[in-house]
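First the structure, in the form of structure tokens, and then the observations on it.
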Amino acid sequence: MTGVLTEPRLYPDCDPLNVEGRLTEAEKAPLRRLRQVLEDSAGPLLAEYWEAGEFPYQLDGPLRELNLMVPEELTADGAEPRALYHGFRIFELARTDASLATYYTAQAGLFRTACRVGGTPEQFAQWDPLITSFEMTGVFCLTEPEHGSDIAGGLATSARRDGEEWILDGAKRWIGGAFTADYLAVFARDGADGQVKGFLVDREAPGVRLEKIRGKTSLRMMQNADIYLDGVRVPESRRLGNVNSFKDVAAMLRAMRSDVAWIATGIQAGAYEAALRYVRSREQFGRSLGSFQLVQEKLARMLGNVTASLNLVAGLAERQQEGIFRDEDSALAKMWIGLHMRETVALAREVVGGNGITLATDVARFHADAEAVYSYEGTHEINALIVGRAVTGKSAFA
């Protein structure tokens with residue numbers, strides 16, 4: 001009997017229950033191409049650029065050429081790729097490096113979602129082909145210097161209508177990828193009705209100023225910006241037509257939080273695999289480090305965390321594919337996975353020992369970068385309160 005030749009599994013070390021098996025062969029093809037670019041082009045650069053606190057922009061071209069948002073295999077019949085494919089695309093990037101995943105998802109996740117959910121159908125039809133081809137690049141600008149977790153009620157950036165233009169004043173903080181973006185998707189409070197509106201601001205418009213946030217100990221490759229807006233004029237045509245209150249922004253966050261849960265899962269997988277490589281090759285006391293009972297116990301805990309996280313985000317993606325988007329679902333995924341990500345990267349650093357604080361083993365990058373991912377797109381506490389409100393029917397928000 002002749003056997004059927006199949007490609008080897010993408011994630012044999014970190015996916016023992018074969019969640020990857022839910023992907024079709026057509027979906028795996030662009031992921032394999034991404035893997036090749038990450039291994040050949042990105043891998044050799046990561047330690048150097050992480051230590052320097054700079055982003056390897058030479059990867060822009062290779063990543064864009066992959067056409068990952070709308071790969072030909074998945075869109076030839078006019079269909080959209082499944083949510084599960086989008087999730088694994090993020091997972092593959094984060095499994096390599098959290099900054100790469102954050103940088104790419106700023107365009108493919110945050111900015112595209114802002115235009116898809118916040119724009120009118122006509123706006124999205126006009127902009128999306130440009131977004132997926134990177135002819136129109138952008139970032140999502142919500143957090144402010146004085147308002148993060150309380151942004152829903154505390155958003156202070158202002159907007160006022162002046163004929164066929166809007167005038168924006170205020171500041172945004174922690175905006176990753178802003179320095180190379182064409183547009184800044186800025187959310188501001190309309191002085192006329194007190195409601196939040198969304199605008200696509202030209203990064204080079206008069207009155208826009210960006211400053212690099214320095215001194216970071218996490219996501220060092222990602223270039224985060226403080227953005228200052230001083231009398232910036234935006235035409236009405238660049239106002240996101242479907243954003244008329246913070247509820248509309250919350251609809252975007254519902255999807256984006258799921259993306260961050262995938263990043264947190266990928267970080268765990270990358271840290272686990274790096275630790276596993278190390279203990280397989282390292283010897284102590286005349287024996288393989290991987291042969292010690294306490295090391296194996298930690299590896300088992302890490303693998304359990306990765307497996308549970310991967311199943312949680314895959315199930316969430318399949319639920320959202322059915323059109324079911326609930327705040328508490330994405331909040332629970334981000335909260336639980338973020339918490340276990342912290343444990344996984346700490347265990348990885350532990351089994352690698354002193355070498356775990358050097359960039360040579362890769363573990364140190366994952367260990368440090370996890371801290372930023374743990375906090376962004378909703379802290380542990382905020383996500384817990386979203387879940388708690390859903391299950392009790394009582395809001396505990398101050």
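- Under the 3.5 Å distance criterion, with hydrogens and angles disregarded, no donor-acceptor pair is assigned to the side chains of Asn242 and Thr120.
- Around atom CD of Glu146, no more than 12 heavy atoms belonging to other residues, nucleotides or ligands sit under 6.0 Å away.
- Applying the ring-ring contact (aromatic ring centres under 6.0 Å, His included) rule to Phe124 yields no partners; only residues at least two apart in sequence or on another chain are considered.
- Side-chain N/O atoms of Asp60 and Tyr103 include a donor and acceptor closer than 3.5 Å.
- With respect to the salt-bridge test (charged N to carboxylate O, under 4.0 angstrom), the residues Arg161 and Glu164 qualify.
- For the residue pair Asp259 and Thr105, no side-chain donor N or O sits within less than 3.5 Å of a side-chain acceptor on the partner.
- For the residue pair Thr143 and Tyr376, no side-chain donor N or O sits within less than 3.5 Å of a side-chain acceptor on the partner.
- Checked against a 6.0 Å centroid threshold, the rings of Tyr49 and Phe55 do not count as neighbours.
- Using modelled atom types and a 3.5 Å distance limit, the side chains of Glu343 and Asn305 yield a donor-acceptor pair.
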Kindly list each side-chain donor-acceptor pair under 3.5 angstrom involving residues 198-207, sequence neighbours excluded, with atom names and distances?
unit_1, atom_1, unit_2, atom_2, d
Asp202, OD1, Glu204, N, 2.8
Arg203, NE, Ala181, O, 2.4
Arg203, NH1, Phe179, O, 3.4

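- A donor-acceptor contact closer than 3.5 angstrom is absent between the side chains of Lys212 and Asn224.
- In this model, a donor atom of one side chain and an acceptor atom of the other lie less than 3.5 Å apart for Arg257 and Asn383.
- Salt bridge status for Arg220 with Glu51: absent, with no side-chain N to carboxylate O gap under 4.0 Å.
- In this structure, Arg209 satisfies the cation-pi test against Tyr228, with its NZ or CZ atom closer than 6.0 Å to the six-membered ring centre and inside 45 degrees of the ring normal.
- Side-chain rings of Tyr11 and Tyr272 stay apart, their centers remaining 6.0 Å or farther from each other.
- With salt bridges taken as basic N to acidic carboxylate O contacts below 4.0 Å, one links Asp193 and Lys197.
- In this structure, His340 and Ile337 have side chains that are not in contact, with every pair of non-hydrogen atoms separated by 4.5 Å or more.
- A salt bridge links Lys28 with Glu20; the closest basic N to acidic carboxylate O contact falls under 4.0 Å.
- Within the model, atoms CE of Met222 and CD1 of Ile213 stand 11.0 Å from one another, a figure rounded to the nearest 0.5 Å.
- The shortest side-chain heavy-atom distance between Arg282 and Asn355 falls under the 4.5 Å cut-off.
- Side-chain contact check for Gln268 and Ser309: at least one donor-acceptor pair (N or O, by modelled atom type) lies under 3.5 Å.
- Contact annotation: the side chain of Val351 never approaches that of Leu289 to less than 4.5 Å [non-hydrogen atoms, C-beta and beyond].
- Ionic pairing of Lys172 and Glu144 is present here: one or more N-O contacts between side-chain nitrogen and carboxylate oxygen are shorter than 4.0 angstrom.
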